[in-house]
Amino acid sequence: MPQMNMIEAIRDALDVKMSQDSDVLVFGEDVGYFGGVFRATAGLQDTHGLHRCFDTPISEGGIVGIAIGMAANGLRPVAEIQFADYIYPAYDQIASEAARLRYRSNGDFTAPITIRTPVGGGIYGGTTHSQSPEALFTHIAGLKTVIPSNPYDAKGMLISAIEDNDPILFLEPKRLYNGPFYGDPHAPAKTWRGHELGEVPSGHYTVPIGEARKISDGADVTILAYGTMVWVAQKVAEDMGVEADILDLRSLLPLDIAAIEASVNKTGRCVILHEATRTSGFGAELAAQVQERCFYALEAPIQRVTGWDTPYPHAQEWAYFPGPKRVGNALRDVMEA
Amino acid sequence: MPQMNMIEAIRDALDVKMSQDSDVLVFGEDVGYFGGVFRATAGLQDTHGLHRCFDTPISEGGIVGIAIGMAANGLRPVAEIQFADYIYPAYDQIASEAARLRYRSNGDFTAPITIRTPVGGGIYGGTTHSQSPEALFTHIAGLKTVIPSNPYDAKGMLISAIEDNDPILFLEPKRLYNGPFYGDPHAPAKTWRGHELGEVPSGHYTVPIGEARKISDGADVTILAYGTMVWVAQKVAEDMGVEADILDLRSLLPLDIAAIEASVNKTGRCVILHEATRTSGFGAELAAQVQERCFYALEAPIQRVTGWDTPYPHAQEWAYFPGPKRVGNALRDVMEA
Amino acid sequence: MTKKSGSNSSRLYVPEPPFRPGDTPDYSYISVPAAHSPSRPDPLCDADETRAHATSLIRVLRFNGETQGDWVPDISAEVLRGALRDIALTRAMDERMFTMQRQGKMSFYMKSTGEEAVSIGHALALNDTDMIFPTYRQQGILINRGASMKEMMCQCLSNSGDPLDGKSIPVLYSFKKHGFFSISGNLGTQLIQGVGWAMASAYKNSDEIASVFTGEGATAEGDFHYALNFASTYRAPCIINVVNNQWAISSFQGIAAGEGETFAARGTGYGLATLRVDGNDVLAVYAATKWAAERARRGGGATLIEHFTYRKSGHSTSDDPTKYRPESEPEVWPFGDPLERLKNHLILIGEWDETRHAALLEACKSEVRDAYKAAEAMGNLSGETKVNDYTMFEQVYERPLPHLDEQKRMFAKERE
Amino acid sequence: MTKKSGSNSSRLYVPEPPFRPGDTPDYSYISVPAAHSPSRPDPLCDADETRAHATSLIRVLRFNGETQGDWVPDISAEVLRGALRDIALTRAMDERMFTMQRQGKMSFYMKSTGEEAVSIGHALALNDTDMIFPTYRQQGILINRGASMKEMMCQCLSNSGDPLDGKSIPVLYSFKKHGFFSISGNLGTQLIQGVGWAMASAYKNSDEIASVFTGEGATAEGDFHYALNFASTYRAPCIINVVNNQWAISSFQGIAAGEGETFAARGTGYGLATLRVDGNDVLAVYAATKWAAERARRGGGATLIEHFTYRKSGHSTSDDPTKYRPESEPEVWPFGDPLERLKNHLILIGEWDETRHAALLEACKSEVRDAYKAAEAMGNLSGETKVNDYTMFEQVYERPLPHLDEQKRMFAKERE
Ligand SMILES: Cc1ncc(C[n+]2csc(CCOP(=O)(O)OP(=O)(O)O)c2C)c(N)n1
Ligand SMILES: Cc1ncc(C[n+]2csc(CCOP(=O)(O)OP(=O)(O)O)c2C)c(N)n1
Ligand SMILES: [Mg+2]
Ligand SMILES: [Mg+2]
């Protein structure tokens, strides 16, 4: 089986779809000749032609705007926003337009677009290269929001996203591009080589959107995580010797609430992890739903472990990041409650 | 005591501050000569001069952008966004800039701006004149988000907002402009005349930002609401004969969590109401915090009563609106659980 | 309150319209170009050759009904009578719908009175498969393309005949079958989408072009800039139309325009071809559109057209224009009425007369009346809309999702 | 993979730069205007009179060191030697910081090499109280205004001497005391803020103007359009600078520019004054800025200046420009180097010589070395930054809020 890191898996998904379907176009800032600042589109222009993988002006609103128009004209555009921190100029086109076009036209027009963008911290990117804005999109009806945590899922979910007839925001945890990250920046960096989720089939396959993945089975506590935090969760649970049911949500909207419910009803305890700012983060929605559905099974308050309610600072990056210590404290609180 | 409806109270707050402080400027689409599509600035240009209350180009991003620059230069701009549904082109200027300027410059520059904008449905405004996007802003560190539910609070909070040194999003439930609304569109319209909260002192006074207001005292259940839903809550509780502790949150960020905690610890039951789309709405944050803090006092799952996870439809407006029936069902569920 | 505007001694400049309520509007300072109209360059010329066109005004029809100049199109009297009928029919429909809104039959309506020639002239010059990305004032294009007036009315009435199932407010039509993109309530957003649509068309080697619309007020949105910029970079086969009807709700065009430049001139800095046309002159609009369409179709890229016209009515049924402009302004506006001007021309060339005209107006009225009757039979907002409330859960996504199904069940409980 | 670009038969046009890695760049097709430079109109002229300036190029310094034309400014040799020193010092600092970043002392750095004359010439022509809204390549303005180099370096090192307490990534300076607005990591946003700042200045009847900057790439953002539009409508006293250094990371300027127009030309459609200036010619930049500043200060409104220059280094320390452009391109770029050109001029007029120049470069180096040593003593990212982590909770709001206090307590628990 080919070994790929997450960037390679993403590139491969694009390559597979571009090869299969001439309606798939890929564009964004620096994605053409150069292949993207994270190299996710490297080589695609060479392989598929200048007109299928190209640079755009620095205009996130324009990028999503043309994607919508192309999609309405039958194409399947995949747009890259260089960092999720720069998606806000496109917020109107995403929330008011892509997400609502099908609804307001009652299905007369649709916008099957995929928007890829890197999220999360861990690269000393400071306030403007580290954000995790998923909750700003899960609030928007008509949009789907997904976030893979490994190469295998990244490829399979990106193919699913491109084939989906709804607009999809595809978030890529940049700290995981080269390897799993267990939360300790001082530990030697791991690569995806040798990791089972770094084994990525060549050719076409899909990972369905809307299904969580069980990372580990346990009876003591449920940990709900996605993106980078999946790996931090695994490490902390192992280190603490906690028998945790860890769910990698993968898809935030639609959400695999059935898997969550089953797990919490089994364990009676729940910890939710995300890197984003705490207040009104996606953890709030998860906590709200878990207590709505599993109230009588719960033996302790659901804990959220998150970034602080501040912008993502530069020098204090690791003080901001919800690392093993913060996760461990919450896990202990929940277990002891 | 002067009687005012909510529009008059808002206009009066602007007039008071403009009279006191020549640094206060008011601008937005149609706010100058015409006085705003909801008439909130009517007469201000006449009274205070063309340069203190004026029309802008139709460019929400530009409006907030100049407000930030003016504030950095010592003024206290009050910008109007004609409908909250049109605030997204300004999202970047609000979230990336106004909210983070103080932080990223470590206090070297600040952006004391107030952004007023009407929210909520109830006027057959359809998908683009009915939205309640508060949760998209409560996720943004550095920003404050408030929403009055009556003339008295509207004036006092708007004065507080203008005097505050942080950027503030001031949401105005448009269905309440002319009178309290109890959730039944077929009932005769009420005005603020005769309502105690329609008695608005002339001159300067403030209502502090960050404090909830107790609407009614009760031991059975806590209802957390804001904006239009405050009045629906009151009506339903009365009609059902439920002894409800109803909190009008008024300020979403900062949140008066002490008042919430005290109430839920007393009642053991909690229902949260908002008009916005359910998933990742502000109700999620409230539910998450309440269960974190009041877990052992809770006797039933916290219920959220919200708009559906669809755009706000036009003809089906009252099927979308979380009216008395939906609120009543939830209240009953919580009481019977 | 005493008027203090102008007494402010601040150096901040805030533009004001020449006339406000109470003033007697006098537009004699606007010189209506009579004999002269700029020349018609080759549609594949350098964009630069259209620089002067951005500040002058393409006119074909003189007020006396004569045609003149380089832009006189080759168009049959038959077709022109069709245009006359389209203008009259659009106006009659607007009139009726406005009145019905006042009677509470629908929540809202927006007229295009006074600027119908922009839609009709434009539509006449395009193929029906060219995709329009309209604002809410191009209903004339639907009329021209033969959309069912009853269906349009049902949309406005949000009733069981509404193709949008009541989801959208009145006039936010979507008619893919007529090459008419779903109208957004958010200003400006469709401009860059139309450019993307055109890029896709070029990518597919299709001959179809896109034509995107904005009011002059909404040119201030970022999307307008995106549209001009992307259209320029990728030479997108499209037409970008600015309908300058002088007003954006209560703001006069100077708020959006700034330092005395025309809206067409915005395009010159992007290297786009630019035309400015008398929007009350259906022949001029037709001719300019033909030119731009040919340019786009033959690979010459995008043209920005400013249609200079006047919004005769209020912004919408929610608006009272006498609050911010002189009541008589629409009457004294120096560019006349598009219906009258076309009528005069047809009469002058012996292809029309007052009798036929009166009959036409009568026919339009009765066509509208019949369509409205049929539409209202399917429901209205003051009575039963007959829209199934459960449709609100549909078309959020392609397929139902569990959380929406659950909410549908909650709703059913609520309806018990 | 075999190269297939160009083989695509689609009609969609995608612009490409003239040269890519492997090509031998030949810029002989760019004619560097030698003798001629456009005339200098009165600073309060009609914007229209600067239309030609948007497409020509204001130059003062010939390559041989002579000055020429209408724009030759009245500026003393003393001041010019100061400018030379500012350019050299900026370059020396950039050099050092780049190297230190490579050694892991900081997370990131961005050089302005090759385009220093833009910042220095511009700053020289303004008052120190005029507010700059910079991008990340105007460090030269801080150098010119006498900001502490040590403090700048501490910001880059995110250490205990960092006035921003480590909150922002390197080079995102904020120096209110030097009229230098906090730099945003988000491109373009500060453009319209600067216009607002200028409107406030006009409102207060102050003489201060704002000067806002963008790279040519970021002109594609909506904020650029907002800035031009609002500046035009309200005649804001400001200068809008586009630094066209040919590259936006890996994208050549044609991606942002579109159909062959200059960036200065963008302003003409808004009715703004427009100047296009040789950005490697510090005298030309100075002269153009003086003109625009006078215009703004005297109530003439905003000017858009395109500074035509070249980004000699990579975009940032994260970038390798040989991946997308010929390695030799910076050398063959036909407009020379700003430091050399000013030096040649000073030598020609007998106000400078090679010995003094060598000494200057040495002095700059050692000033930078000393400043860096002093700065690094306060911490760096490869060792101890010495930033107090708790500062991350400060300056989110003016005053502490309960939820942040609580999170601070959680954090303290984590640090136990
Ligand atoms: C993004 C956005 N901002 C504001 C509005 C509110 N609004 C609706 S129409 C209008 C005026 C538009 O004027 P113009 O573009 O000139 O078009 P016209 O109505 O004259 O045809 C405004 C401000 C909106 N619909 N969308
Ligand atoms: C809104 C936004 N989008 C994208 C980026 C990423 N980015 C940083 S610099 C840059 C290129 C800017 O090019 P240009 O404007 O020409 O300035 P230069 O770097 O050449 O000085 C890009 C795309 C960003 N910082 N902000
Ligand atoms: Mg208009
Ligand atoms: Mg550049």
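Quick note: numbers below take in every heavy atom, side chains included, and nothing from hydrogens, waters or symmetry partners.
With a 4.5 angstrom heavy-atom cutoff, C/Leu164 touches chain A via backbone and side-chain atoms both. The part of C/Ile183 that comes within reach of chain A is its backbone (N, CA, C, O), which places non-hydrogen atoms under 4.5 angstrom from that chain. Interface residue A/Asp166: only side-chain heavy atoms are found under 4.5 Å from chain C. Within the 4.5 angstrom heavy-atom criterion, no atom of A/Asp256 approaches chain C. With a threshold of 4.5 angstrom between heavy atoms, C/Glu406 approaches chain A through side-chain atoms but not through N, CA, C or O. With a 4.5 Å cut-off on non-hydrogen atoms, A/Ile58 does not touch chain C at all. Only the side chain of C/Phe230 comes within contact range of chain A, with at least one heavy atom under 4.5 Å from a heavy atom of that chain. Residue contact with chain A, scored on non-hydrogen atoms closer than 4.5 Å, is absent for C/Pro402. If you measure heavy-atom distances from C/Met392 to chain A, the contacts under 4.5 Å come from both the backbone and the side chain. Both the backbone and the side chain of C/Ser201 come within contact range of chain A, judged by heavy atoms closer than 4.5 Å. The contact between A/Leu253 and chain C is made entirely by side chain atoms (from C-beta outward), counting heavy-atom distances below 4.5 Å.
When the candidates A/Thr110, A/Leu101, A/Asp92, A/Ile66 are compared by the number of heavy-atom contacts under 4.5 Å with chain C, A/Ile66 comes out ahead. Counting heavy-atom pairs closer than 4.5 Å to chain C, the top residue among A/Leu75, A/Asn106, A/Asp164 is A/Asn106. Interface check for chain A: of the options C/Leu401, C/Val195, C/Leu191, the most heavy-atom pairs under 4.5 Å are formed by C/Leu401.
The side-chain heavy atoms of C/Gln193 and A/Phe109, taken from C-beta on, include no pair separated by under 4.5 Å. Two residues are said to be in side-chain contact when any heavy atoms from C-beta on lie closer than 4.5 Å; C/Tyr234 and A/Thr56 meet this criterion. Using a 4.5 Å heavy-atom threshold, the side chains of C/Lys204 and A/Asn73 count as touching. Counting heavy atoms from C-beta outward, A/Tyr103 and C/Lys167 have side chains that approach closer than 4.5 Å. A/Arg52 is listed as a side-chain neighbour of C/Tyr203, based on a closest heavy-atom distance under 4.5 Å.
A donor-acceptor contact under 3.5 angstrom links the side chains of C/Asp223 and A/Gln93, judged on distance only. Judged by distance alone, the side chains of C/Ser182 and A/Arg104 do bring a donor and an acceptor atom under 3.5 Å apart.
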Would C/His403 and A/Ile257 count as a side-chain contact (heavy atoms from CB on, under 4.5 Å) if you check the C-alpha gap in whole Å, the side-chain angles of each, and the deciding distance to 0.1 Å? CA-CA 9 Å; C/His403 70 291; A/Ile257 191 65; over 6 Å; no
Go through C/Asn229 and A/Ser59 one step at a time and tell me if the side-chain contact (heavy atoms from CB on, under 4.5 Å) criterion holds. CA-CA 10 Å; C/Asn229 197 6; A/Ser59 169; 5.7 Å; no
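Annotation for A/Gly62 and C/Tyr226: closest pair N-CD1, 3.6 Å, computed over non-hydrogen atoms.
Taking CE from A/Met70 and CH2 from C/Trp197, the interatomic distance works out to 12.5 Å, rounded to the nearest 0.5 Å.
Checking C/Pro163, C/Ser184, C/Ser174, C/Ser168 one by one against A/Ser105, the side chain to side chain contact (heavy atoms under 4.5 Å, CB included) holds for a single residue, C/Ser174.
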